[in-house]
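Comments concern the structure below.
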Amino acid sequence: MHRWATVLTRVRPIESCRAAPLSAAEARLCSSPHNPCDPNVGTQYGANLSNALNSRGARWTHDHNGRGDGMGAEDTLAKGGAAPFTDAEIADLRAATPSCNNFLHLNAAGASPPPAPVMQIHTGHLHREAEIGGYAAADEVQEEIGRVYTSLARLLSAKPNEIALVDSCTTAYAKVMYGIELSRNDVIMSVGESEYAANLVAMHQHAKRHGARVRHVAAASSGEVDMERLESALKEEGDRVKAVSITHIPTRGDIVYDVKRAIETIHTTNGTADNGGPVVLVDACQSVGQMEVSVADLDCDALVGTSRKWLRGPRGVGFLYVGEAVLGGAAGHAIKEPGSLDHFGAPWQIESTHSYTPRSDARRYEYWENAVASQLAFGAAVDYALAIGIGRIERRVAFLASQLRRKLDEIGLCVDINDGIEGILSPHRVGQTRPVGMCGVVTVGLDGAGGADGAFRAAREKKIGLSVTGPPGTPLDFGRMGSADPFLRISPHYFNTEAELGSLCAFLNAHAEGTNCTRIIPTKQVKSCCVGSKKRLSQGAA
């Protein structure tokens with residue numbers, strides 16, 4: 001049996017193409033009589049998708065990233081990359097997300113709907129807790145919980161002992177940031193203006209407590225990391241820089257920061273964390289699950305992310321990676337222990353020292369109390385993504401996002417694509433299917449009655465799930481633009497269809513016509529651009 005036939009209904013890392021038998025706890029989770037999800041959905045989906053993959057050849061049985069040659073409309077996105085989905089596969093993916101039948105989900109950057117197999121794991125454990133109590137239910141699934149760390153480590157190209165599970169990406173970021181040792185006049189460096197507000201609060205509070213300061217390194221006019229400016233700032237601050245924070249994908253716009261190159265610049269200029277250099281912390285909440293993210297390739301010291309966005313897991317789960325070199329904390333400015341601990345992360349040594357000793361692994365960042373059902377479901381979501389293939393997901397998301405930008409262009413709406421004020425109708429942006437550095441986050445500037453908020457509310461009434469991003473989320477970014485007006489954010493996932501994108505654009509076109517939402521908000525020194533018909537732009541743009 002192909003591994004796809006079982007991975008979608010159990011919490012287990014994908015170790016080989018031979019399916020391992022379910023444990024008693026796994027079987028119970030997947031067959032709870034109280035479960036509202038059809039247990040056959042995941043099994044049938046796995047069998048159908050397994051057959052589809054097997055028909056393509058043996059190469060599919062050994063590569064969890066789903067790499068292949070492929071053919072079809074999406075092939076223009078990458079040379080020799082992951083194979084595109086067939087129509088049958090998309091139909092099966094949608095069947096595993098029944099709410100697709102009555103709700104248009106286009107908010108993967110906010111919270112994606114979990115597929116039925118993930119819901120089965122989640123609700124199954126909750127019902128087990130109701131039957132025998134939370135402690136006893138947790139005892140039954142300790143092996144399964146351990147596999148969550150293995151699966152996430154596989155996803156990130158990390159080791160299980162470098163992974164910790166917490167309740168949110170914000171908590172994960174704060175746990176790492178507050179553990180970085182600072183002294184007076186030390187510096188926390190923030191790259192670009194796209195830091196999430198919660199991250200800004202954490203770094204500024206941590207700096208304030210120790211008499212240190214935060215230095216923000218402005219982005220280039222294109223919105224991308226300004227490598228020369230970053231290098232200059234690192235040289236100027238020297239060994240005072242104890243941490244560098246960088247966002248992989250901002251909450252607004254389409255850009256993907258070249259984090260790998262930025263980290264290479266940091267290491268070349270100021271050294272690595274295990275040799276006296278700064279700790280490099282990456283916020284990857286918008287990239288993990290949307291595209292391949294390898295901590296080994298990035299060479300970062302710490303990385304944080306979340307369950308609820310592109311991984312399609314439940315809310316209330318975040319995760320962090322901290323590399324072994326930093327966990328050791330023996331040299332230079334590496335983290336020596338988290339800023340807050342409990343008796344799980346740092347057991348109390350009664351018989352020996354009458355003190356505490358932090359765990360040697362990343363789970364020192366965890367507290368004893370956890371939402372076990374949510375963590376199990378998160379593990380199932382990670383396995384689900386691995387089974388589909390992150391490379392295939394990345395290609396599909398990029399394809400849908402590029403199609404969406406084209407469709408928005410056709411109806412004359414302004415798409416914020418971070419290409420500089422001189423970039424209006426820039427041919428290398430409009431003319432390619434997937435420009436380098438673009439992702440699945442598409443934001444649109446709207447003016448008129450209600451602006452982005454009005455369009456969001458109107459969409460919700462039509463059962464279309466979008467989101468709004470504004471100054472409260474990324475204040476430095478909006479300050480850079482000189483605007484307080486939010487953007488409408490659209491983020492399709494792999495299970496969406498081109499027909500759904502057409503339906504969205506039809507709705508937005510009607511909404512724009514009815515409310516005069518035909519232009520991007522005028523800003524001071526805007527570093528975004530509009531893609532739209534010249535007619536609409538000439539009517540609306542200031």
Side-chain angles (χ1 to χ4, degrees), residues 162 172-220 224-248 250 257-284 295 297-304 320-339 365 474-477 479-480:
E162 297 174 318
Y173 186 94
K175 287 266 190 180
V176 176
M177 178 56 66
Y178 289 130
I180 296 172
E181 293 196 346
L182 296 176
S183 300
R184 178 169 292 280
N185 297 322
D186 283 343
V187 174
I188 298 171
M189 192 166 287
S190 172
V191 180
E193 290 94 355
S194 296
E195 291 280 10
Y196 190 56
N199 297 353
L200 290 173
V201 170
M203 67 177 74
H204 278 270
Q205 183 185 47
H206 188 43
K208 181 180 178 180
R209 286 174 173 174
H210 297 278
R213 57 190 171 86
V214 176
R215 176 165 178 174
H216 298 283
V217 180
E224 299 171 330
V225 176
D226 189 324
M227 300 299 173
E228 292 184 1
R229 188 174 290 165
L230 173 60
E231 181 180 1
S232 176
L234 288 166
K235 288 180 177 178
E236 182 179 335
E237 299 293 354
D239 60 8
R240 290 191 298 269
V241 182
K242 299 302 189 286
V244 180
S245 176
I246 184 169
T247 299
H248 199 180
Y257 279 168
D258 192 347
V259 171
K260 181 177 181 179
R261 186 179 168 204
I263 294 175
E264 289 173 351
T265 298
I266 295 164
H267 288 167
T268 300
T269 308
N270 284 43
T272 59
D274 59 349
N275 194 32
V279 173
V280 181
L281 170 57
V282 177
D283 182 345
V295 295
D297 184 55
L298 293 178
D299 200 16
C300 59
D301 300 303
L303 181 143
V304 299
L320 62 88
Y321 152 85
V322 177
E324 284 182 328
V326 177
L327 283 171
H333 310 310
I335 304 168
K336 290 181 171 56
E337 67 179 46
Y365 290 94
T474 51
L476 297 184
D477 184 32
R480 172 178 70 99

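Everything quoted here is computed from the prediction, not taken from an experiment.
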Would you give the length of the straight line joining atom [atom1] of [X] to atom [atom2] of [Y], rounded to the nearest 0.5 angstrom?
X      : Y      : atom1 : atom2 : value
Met203 : Glu195 : CE    : CD    : 3.5 Å
Glu237 : Met189 : CD    : CE    : 5.0 Å
Asp301 : Leu327 : CG    : CG    : 10.0 Å
Leu182 : Met177 : CG    : CE    : 8.0 Å
Lys235 : Asn270 : NZ    : CG    : 9.5 Å
Arg213 : Asn185 : CZ    : CG    : 7.5 Å

Please report the closest heavy-atom contact between [X] and [Y], naming both atoms and the distance.
X      : Y      : value
Gly192 : Tyr257 : CA-OH, 4.1 Å
Gly271 : Pro278 : O-CD, 3.7 Å
Ser245 : Tyr173 : OG-OH, 2.7 Å
Ser194 : Thr474 : O-CG2, 3.9 Å
Val322 : Ala302 : CG2-CB, 4.2 Å
Ser183 : Ala212 : O-CB, 3.8 Å

With the side chain counted from C-beta on, respond yes when [X] and [Y] share a heavy-atom pair under 4.5 Å apart, and no when they do not.
X      : Y      : value
Tyr196 : Thr247 : no
Val217 : Asp226 : no
Asp258 : Glu224 : no
Leu298 : Val259 : yes
Val280 : His267 : yes

Closer than 3.5 angstrom, by distance alone: can the side chain of [X] be matched with the main-chain N or O of [Y] as a donor-acceptor pair?
X      : Y      : result
Glu162 : Tyr321 : no
His206 : Ile188 : no
Asp283 : Ile246 : no
Lys242 : Asp186 : no
Glu193 : Ala219 : yes

Dump the intermediate steps for side-chain contact (heavy atoms from CB on, under 4.5 Å) on Glu264 and Asp299, then the final yes or no. CA-CA 8 Å; Glu264 289 173 351; Asp299 200 16; over 6 Å; no
What pairs with Lys208 under salt bridge (charged side-chain N to carboxylate O under 4.0 Å, His left out), at least two apart in sequence or on another chain?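 Once residues adjacent in sequence are excluded, Lys208 has no partner under the salt bridge (charged side-chain N to carboxylate O under 4.0 Å, His left out) criterion.
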Show, in sequence, the C-alpha distance, side-chain angles and deciding distance for Leu476 and His216, and conclude whether the side-chain contact (heavy atoms from CB on, under 4.5 Å) test is met. CA-CA 9 Å; Leu476 297 184; His216 298 283; 3.5 Å; yes
Of Ile263, Val304, Val244, which is the lone residue that meets side-chain contact (heavy atoms from CB on, under 4.5 Å) with Val282? Ile263
